[in-house]
Novice: 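Mind having a look at this structure? Questions to follow.
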Amino acid sequence: MTREEVLQVLSGQVGPMGPFESAEERDSQWDTWLSGATDAAIAPLLSILREPPVMRPDMWSEMELKVAEALGHVGQHDPAGFVARVEPALMEARPRPVLIDALGMAKAREALPVLSALPGRVGLTEDELVRMAGALGSIGGAGAARLLKQLEPLAKDKPEALAEIGVAREILAYDQADLGVMAHHLAQALKALPKRDEASFLEHALPLMEKDAQRKPLITLLGVVHCVPALGWLSTRGQLLPGELALAAGFLAEAGGPEARQVLLQVLPGATGSPEALAACERALVNLREQPSSPQLEIALARSAEALGRMDRGAYRREVAALLAEPRTRRAWVTLLDGVQSAEGLAWLSEPLARAAAEDGDWVQWLRALGAVGGAEARGAVADFRSSGRTPSPAVQRELEEAWKNLQG
């Protein structure tokens, strides 16, 4: 994808409409392009921010919004990779304001360390402080709330920035109050799996699906433990987006067996509206394993959730060991706990991760999640890790110090 190709698309979205063009047609064209945009769009979009085309200021303002929306959409596919790609451009004055917006639209919690360092590295204008506050309100979580508090002294003589910080603070306060409810829903949904209690599962899983940070992590966790019924319930009742339906279909093929085939056949009619989802379902039916997978991981998942729900640390550490033994389930479990901001669920993983011979990437993910969640439990877990006598790799050491710094705020 070239700069010229992206500019052509963007140019069709700004300025006055022609006599035979309607707002609905313009929106439909944009949605179609956006749905097919991939990481290949990042470089040309950054190029446009660094060297804007010559146009009227009002049209460039419209185009900036479209660039931010496009980057935010693409950034949701791989937030960590997206943050790494755009971090150098954040140090440049011209692209910085739009990139701050884009990180908020991507809801990239992975961006918090980079955003936290910005005031000290480059300084921020009032406009950038306003955008930063808005982005933090969109990203959410305890880490965003702490960073928002750090912005207040920088905005003391900037009324627009102070007003936006106040709005973001209200959003984050509501978000934090909701997190305990989300952790409860997670525990109750997973406890319903062994009983095959569809009604109870959906009662608690559907509220989780209302938040972007929890949708794909929940599908992924159910997929890597090969919980076929739950994938079916979500696929038919959870109003999955095309990419999410494709993700579920891939896991159903991997799980295998007659039940997975039946679920795919039930899902297929609902996938006809999306070429991506339809192709994924058809591939899954072709590649379906003949023999179903063992339900052992599903049982371990439910027992771990049950122990976490009743705050039984000893039982939780015993039951979660089976989930942590395999890299994919290990990453999926930590990602979902991060999504629902379960401080205890994350903090109590230190010993089980060590016994599971966790890799550097696992420790980095765990420490990053603890730094974002915050609170006494997270602080205690990071403190224990620091004093454990382990000799972490440079990557883990950097994340450890970053988490510790965040938890002191």
Side-chain angles (χ1 to χ4, degrees), residues 1-108 110-111 114 127-128 130-131 134-135 138-139 212 215-216 240-247 271-280:
M1 188 176 293
T2 67
R3 172 189 167 99
E4 289 69 27
E5 290 170 339
V6 175
L7 259 179
Q8 184 177 4
V9 172
L10 293 171
S11 299
Q13 294 296 312
V14 301
M17 287 182 287
F20 303 108
E21 185 182 17
S22 69
E24 291 77 11
E25 288 173 334
R26 181 176 275 192
D27 289 345
S28 176
Q29 291 169 356
W30 176 245
D31 290 342
T32 299
W33 183 82
L34 204 60
S35 66
T38 67
D39 291 352
I42 295 176
L45 288 166
L46 289 177
S47 170
I48 290 166
L49 290 178
R50 285 172 165 139
E51 298 180 40
V54 178
M55 60 174 55
R56 296 200 323 254
D58 60 322
M59 290 179 63
W60 172 241
S61 295
E62 291 181 42
M63 186 172 286
E64 279 188 322
L65 291 173
K66 290 298 182 183
V67 172
E69 185 180 352
L71 285 168
H73 177 82
V74 172
Q76 293 179 26
H77 300 163
D78 175 17
F82 176 65
V83 172
R85 290 277 299 276
V86 304
E87 182 178 359
L90 273 169
M91 303 302 122
E92 304 170 31
R94 183 171 277 173
R96 186 183 307 127
V98 175
L99 289 178
I100 293 172
D101 287 342
L103 290 168
M105 292 179 185
K107 295 178 169 48
E110 293 81 356
V114 176
D127 174 60
E128 289 166 350
V130 168
R131 293 172 188 253
S138 297
I139 291 170
D212 290 342
R215 293 175 67 91
K216 280 192 176 179
L240 300 189
L241 299 173
E244 295 164 350
L245 196 55
L247 181 67
T272 53
S274 163
E276 177 190 8
L278 182 60

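Just so you know, these numbers come straight off a predicted model, no measurement behind them.
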Novice: Identify the two heavy atoms, one from Pro242 and one from Ser274, that lie closest to each other, and give their separation to 0.1 Å.
Specialist: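 It is CB-OG, 3.2 Å.
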Novice: Under a 3.5 Å distance rule, please check whether Gln8 uses its side chain to pair with a backbone N or O of Glu5 as donor and acceptor.
Specialist: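 Absent.
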Novice: Show the numbers, then the answer: is there a side-chain contact (heavy atoms from CB on, under 4.5 Å) between Val6 and Val67?
Specialist: CA-CA 10 Å; Val6 175; Val67 172; over 6 Å; no
Novice: I'd like to check the salt bridge (Lys or Arg N to Asp or Glu O under 4.0 Å) partners of Arg3; sequence neighbours left out, ordered by chain and number.
Specialist: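 Here no residue qualifies.
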Novice: What residues form a salt bridge (Lys or Arg N to Asp or Glu O under 4.0 Å) with Glu69, not counting sequence neighbours?
Specialist: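 Counting only residues at least two positions away or on another chain, Glu69 forms a salt bridge (Lys or Arg N to Asp or Glu O under 4.0 Å) with Lys66.
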Novice: Would the distance check show the side chain of Arg96 and the main-chain N or O of Met91 forming a donor-acceptor pair, the cut-off being under 3.5 Å?
Specialist: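 A pair under 3.5 Å: yes.
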Novice: Measure the acute angle between the ring planes of His77 and His73, then classify it against the limits of 30° and 60° as parallel, tilted or perpendicular.
Specialist: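 Taking His73 first and then His77, their aromatic rings stand perpendicular (interplane angle over 60°).
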Novice: Shortest non-hydrogen contact from Met105 to Gly72?
Specialist: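 Closest pair (atom of Met105, atom of Gly72, distance): CB-CA, 4.0 Å.
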Novice: Between Glu92 and Arg50, does at least one N-O distance fall below 4.0 Å, as a salt bridge requires?
Specialist: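 A salt bridge is present here (some side-chain N lies under 4.0 Å from a carboxylate O).
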Novice: Any donor-acceptor pair under 3.5 Å linking the side chain of Thr32 with the backbone of Ser28?
Specialist: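 Present.
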Novice: Check whether Glu25 reaches the backbone of Ser22 with its side chain - one donor and one acceptor, N or O, closer than 3.5 Å.
Specialist: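 Answer holds: yes.
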Novice: Which pair of heavy atoms, one from Glu62 and one from Val14, lies closest together, and at what distance?
Specialist: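 Smallest interatomic distance, heavy atoms only, reads OE1-CA, 3.5 Å.
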Novice: Distance check, rounded to the nearest 0.5 Å: Leu278 atom CG versus Thr272 atom OG1?
Specialist: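 Here the interatomic distance stands at 7.0 Å.
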Novice: Less than 4.5 Å apart, any side-chain heavy atom of Glu244 and any of Lys216?
Specialist: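 With C-beta onward as the side chain, the pair touches.
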Novice: Kindly say whether Gly12 contributes a backbone atom to a donor-acceptor pair with the side chain of Arg26 at under 3.5 angstrom?
Specialist: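 Confirmed, Arg26 side chain pairs with Gly12 backbone.
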Novice: Using every non-hydrogen atom in the two residues, find where Glu276 and Gly243 come nearest and quote the distance to one decimal.
Specialist: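 Nearest heavy atoms, Glu276 then Gly243: OE2-CA, 3.6 Å.
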Novice: Is Pro44 close to Thr2 at the side-chain level, that is, under 4.5 Å between some pair of heavy atoms?
Specialist: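 Sidechains of Pro44 and Thr2: no contact.
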Novice: How many angstroms lie between CG in Asp31 and CD in Gln29, if you round to the nearest 0.5 Å?
Specialist: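 It comes to 10.5 Å.
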Novice: Mark yes or no for whether Glu64, through its side chain, and Met59, through its backbone, hold a donor-acceptor pair below 3.5 Å.
Specialist: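 No; zero donor-acceptor contacts below 3.5 Å.
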Novice: To the nearest 0.5 Å, how far apart are CG in Leu241 and OG in Ser35?
Specialist: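 Here the interatomic distance stands at 11.5 Å.
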Novice: Between atom OG1 of Thr38 and atom CG of Asp78, what is the distance when rounded to the nearest 0.5 Å?
Specialist: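 Thr38 atom OG1 to Asp78 atom CG measures 12.0 Å (nearest 0.5 Å).
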Novice: Where do Arg85 and Asp39 come nearest, in terms of heavy atoms and distance?
Specialist: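 What the structure gives for the nearest pair is NH2-O, 3.8 Å.
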Novice: On a heavy-atom basis, which atom in Leu34 and which in Ala70 lie closest, and how many Å separate them?
Specialist: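 Scanning both residues, the minimum pair turns out to be CD1-CA, 3.7 Å.
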Novice: Considering only heavy atoms from C-beta outward, does the side chain of Leu103 approach that of Leu90 to under 4.5 Å?
Specialist: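 Yes; the side chains approach each other to less than 4.5 Å.
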Novice: Is a side-chain N or O of Arg131 found less than 3.5 angstrom from the main chain of Asp101, in a donor-acceptor match?
Specialist: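 Checked: no pair found.
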Novice: With a 4.5 Å limit on heavy-atom distance, are the side chains of Arg94 and Leu49 in contact?
Specialist: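 No - every pair of side-chain heavy atoms lies 4.5 Å or more apart.
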Novice: Given side chains that start at C-beta, do those of Trp30 and Leu10 come closer than 4.5 Å, heavy atoms only?
Specialist: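 They are in side-chain contact.
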Novice: Between atom CH2 of Trp60 and atom CG of Leu65, what is the distance when rounded to the nearest 0.5 Å?
Specialist: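 Trp60 CH2 to Leu65 CG: 10.5 Å, rounded to 0.5 Å.
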Novice: If we only count heavy atoms from C-beta on, is the Pro79 to Lys107 side-chain gap below 4.5 Å?
Specialist: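 Not touching, per the 4.5 Å side-chain cut-off.
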